[in-house]
Amino acid sequence: VEPLVTMLELPEHQVLYGRRGTGKTHILKYLAETVRREGHVAGYCDLRNVGSSGSLYVDGRVPVSRRATHLLIDVVEALHNALWEAILELDLDDRVEQLAAAMDHVAEAATDVRIVGEVEDEGVVATTEEKSSGGGATVGIGPRGNLTTERRRRHQSQRSRRVVRRGEQHHHVVFGSLVAALHQVMDAIRPRQLWVLLDEWSALPLELQPFLADLLRRTLFPVPGITVKIGAIERRSRFELPGDRGDYTGIELGADTSASLDLDDFLVFGNKRAFAVSFFSELLHRHVRVLMHDKGFELDIPNAPELLSAAFATPGAFQELVLASEGVPRDAINITGLAAAVALRSKISREDVSAAARDYFLRDKEGRIPPKAEAALARLVRRCAEQKSRVLYLRRHGESNDPVIQQLYDARLIHRVRQGILDADDPSIKYEVYLVDYGCFVDLLAGGRGRLRAIDDGLARELRLVDDTNVRINSRSYATLPRAWYRHG
């Protein structure tokens, strides 16, 4: 997808969003190879594999400052290792000693990174009082006898009071000499640029993410020649922690970085059926070619159209596959594999694709969502069957960002195709446009109770309406779902 690649190759700090399966890891690794071919340095880091004490990050009993400190140190060490491996591939014989010393300083600076903050001070002040009283008498008996008696009473009391000093807890990053060490690294590799590619950002605990973002903003961002790209899931990412004085910890997207990109926006084809077929046919051809090469064979089919003719019984069978994948490359590859297994040695038919899509939907999508999301999905499917369209309009605030709706979106059971559609009656209200997943209707096809053709026609018609910038959605014509539709319990 040329616009996406062009925008990512710009040397600007950037966040790349996308749901699982859309290709964030693939494109970041592709970007790393592209940068290296141009003679620059690219360090790729999978944040799922950072550190050996992953359980510490998610242990809520451990203070945030300690968890975040361990995370930052582990990330700096992982980046040090990734960059060192990439730099060793360069021809820097005349600057090896300078570079080695700079990288050693980066490793040493990792120990200076820590999170500090104001914490609640609580203590007990104890006061002890002691009183004593006593008396004595001496009585003589006879010339030799003497009797002495003494009584003493002691009274001790202890009083304590609890002193608590409360205030908002603020943390900030202390990174010591890390910036100076990074400047030394860049001096040693100039005129080359350094690209830092951080993948699986959303695998980190949500409350720790702003501290790592702050470390990046204060150490990597200011150093000339360093570019940072981050792969993340939008609704599972937090880059900024606002302060009470207009300050913040973390990254302010759009200000500290350039405009974020969303893979879902580039892979939603809407009613551009021909472009979608072309994209996925090329994807499948390249995938099969590399797979066979890895197994020691060469694919003797030179292009994508010939592969489709050899593998699919009809053009409609592949179009059904494109429809079932809903713009997600990983889903397209998985459904193709399942369909080929159903077809055995025959060409893949439309029925084979439908059976594979149903199996994939039940096992890998619907089977992994919680009960509340299952109930919501059932209501949405009934709504779509009634209106003969897979298109849903949900208010951007209050409906689209509801946790249950977001669970369905993350599970790729509904797919966002447009954002920020205005209400003609009230321009302050915006809608998100979603499609309900194709797999929800496979049983409807198999039972002979209807065809998706009517639903597809409605899809094309409504998306043409949405694409017309002179037309706004009328809320009286396209009623959004009341909460009872997707709330359960």
Are Phe221 and Leu216 packed together at the side-chain level, in the sense that at least one heavy-atom pair is separated by less than 4.5 angstrom?
yes
Checking side-chain polar atoms at under 3.5 Å, does Arg217 have a donor or acceptor matched by the opposite partner on His13?
no
Tell me if a side-chain donor or acceptor on Thr22 pairs with a main-chain N or O of Arg19 at a distance below 3.5 Å.
yes
Between Lys229 and Thr227, which heavy-atom pair has the shortest distance, and what is it?
CE-CG2, 3.9 Å
Where Ser258 and Glu12 come nearest, the two heavy atoms and their spacing:
CB-OE1, 3.1 Å
Tell me the closest heavy-atom pair linking Ile251 and Glu240, and the distance in Å.
O-CB, 3.6 Å
Between Thr25 and Asp199, does any side-chain donor sit less than 3.5 Å from a side-chain acceptor?
yes
Test side chain to side chain contact (heavy atoms under 4.5 Å, CB included) applied to His105 and Leu182, step by step
CA-CA 8 Å; His105 291 161; Leu182 290 172; over 6 Å; no
Any side-chain heavy atom of Leu261 within less than 4.5 Å of one from Val15?
no
Side-chain donor-acceptor pair present, Tyr438, Asp331, cut-off under 3.5 Å:
no
Distance in Å, Thr257 OG1 paired with Ile230 CD1, rounded so as to fall on 0.5 Å steps
8.0 Å
For Val223 and Thr219, work out which heavy atoms get closest and say how close.
CG2-O, 3.1 Å
Identify the residue among Arg390, Lys365, Arg416, Arg412 that makes a salt bridge (charged side-chain N to carboxylate O under 4.0 Å, His left out) with Asp437.
Lys365
Quick one: does any side-chain atom of Asp256 pair with a main-chain N or O of Glu252 as donor and acceptor, under 3.5 Å?
yes
Does atom CZ of Arg235 have more than 12 heavy-atom neighbours, drawn from other residues, nucleotides or ligands, at distances under 6.0 Å?
yes
Restricting to pairs with a member in residues 17-48, which pass ring pair (Phe, Tyr, Trp, His ring centres under 6.0 Å), not counting sequence neighbours?
none
Heavy-atom distance under 4.5 Å between the side chains of Asn334 and Asp364, does that happen here?
no
Side-chain heavy atoms of Asp264 within contact of His415, under 4.5 Å
no
Under the side chain to side chain donor-acceptor pair (under 3.5 Å) definition, can you give me all pairs with a residue in residues 201-212, not counting sequence neighbours?
Arg67-Glu207, Trp201-Gln209, Ser202-Ser237
Roughly how far, to the nearest 0.5 Å, is the CD atom of Gln193 from the CD1 atom of Ile226?
10.5 Å
Rounded distance (nearest 0.5 Å) linking atom CG of Leu79 with atom CG of Leu47:
8.0 Å
With sequence neighbours left out, what residues match Arg286 under side chain to side chain contact (heavy atoms under 4.5 Å, CB included)?
Glu282, Arg289
Given side chains that start at C-beta, do those of Ser260 and Leu16 come closer than 4.5 Å, heavy atoms only?
no
Check against side chain to side chain contact (heavy atoms under 4.5 Å, CB included), Asp410 and Arg236
CA-CA 10 Å; Asp410 288 343; Arg236 298 185 182 180; 3.2 Å; yes
Glu366 and Leu413: which non-hydrogen atoms are nearest, and at how many Å?
N-CD2, 4.1 Å
CG (Leu307) and OG (Ser281) are apart, to the nearest 0.5 Å, by 8.5 Å
Taking the six-membered ring for Trp, are Tyr409 and Tyr434 parallel (under 30°), tilted (30 to 60°) or perpendicular (over 60°)?
perpendicular
Salt bridge (Lys or Arg N to Asp or Glu O under 4.0 Å) partners for Asp187, two or more places apart:
Arg190
Partners meeting side chain to side chain contact (heavy atoms under 4.5 Å, CB included) with Glu374 (sequence neighbours left out):
Ile369
Any idea which heavy atoms bring Lys24 and Gly18 closest together, and the distance?
NZ-O, 2.8 Å
Is there a side-chain contact between His285 and Leu299, using heavy atoms and a 4.5 Å cut-off?
yes
Could you check whether the rings of His80 and Trp84 sit parallel, tilted or perpendicular, using 30° and 60° as the cut-offs?
parallel
Are any of the side-chain heavy atoms of Leu208 and Pro205 separated by less than 4.5 Å?
yes
If only atom types and distance count, is the side chain of Arg395 paired as donor or acceptor with the main-chain N or O of Lys430 below 3.5 Å?
no
Separation between CG (Asp352) and CD1 (Ile335), nearest 0.5 Å, reads 13.0 Å
If you define the side chain from C-beta out and look only at heavy atoms, does anything of Tyr431 sit under 4.5 Å from Leu394?
no
Apply ring-ring contact (aromatic ring centres under 6.0 Å, His included) to Phe361 and list each qualifying residue two or more places apart in sequence or on a separate chain.
none
In this structure, CH2 of Trp195 is separated from CG of Leu83 (nearest 0.5 Å) by 14.0 Å
Checking Glu234 against Asp262 for the side chain to side chain contact (heavy atoms under 4.5 Å, CB included) test, could you report, in this order, the C-alpha distance in whole Å, the side-chain angles of both residues, the deciding distance, and whether it holds?
CA-CA 8 Å; Glu234 183 177 5; Asp262 193 332; 3.7 Å; yes
Any chance you could lay out the side chain to side chain contact (heavy atoms under 4.5 Å, CB included) test for Met7 and Phe266, step after step, and finish with the verdict?
CA-CA 12 Å; Met7 296 175 73; Phe266 289 91; 4.2 Å; yes
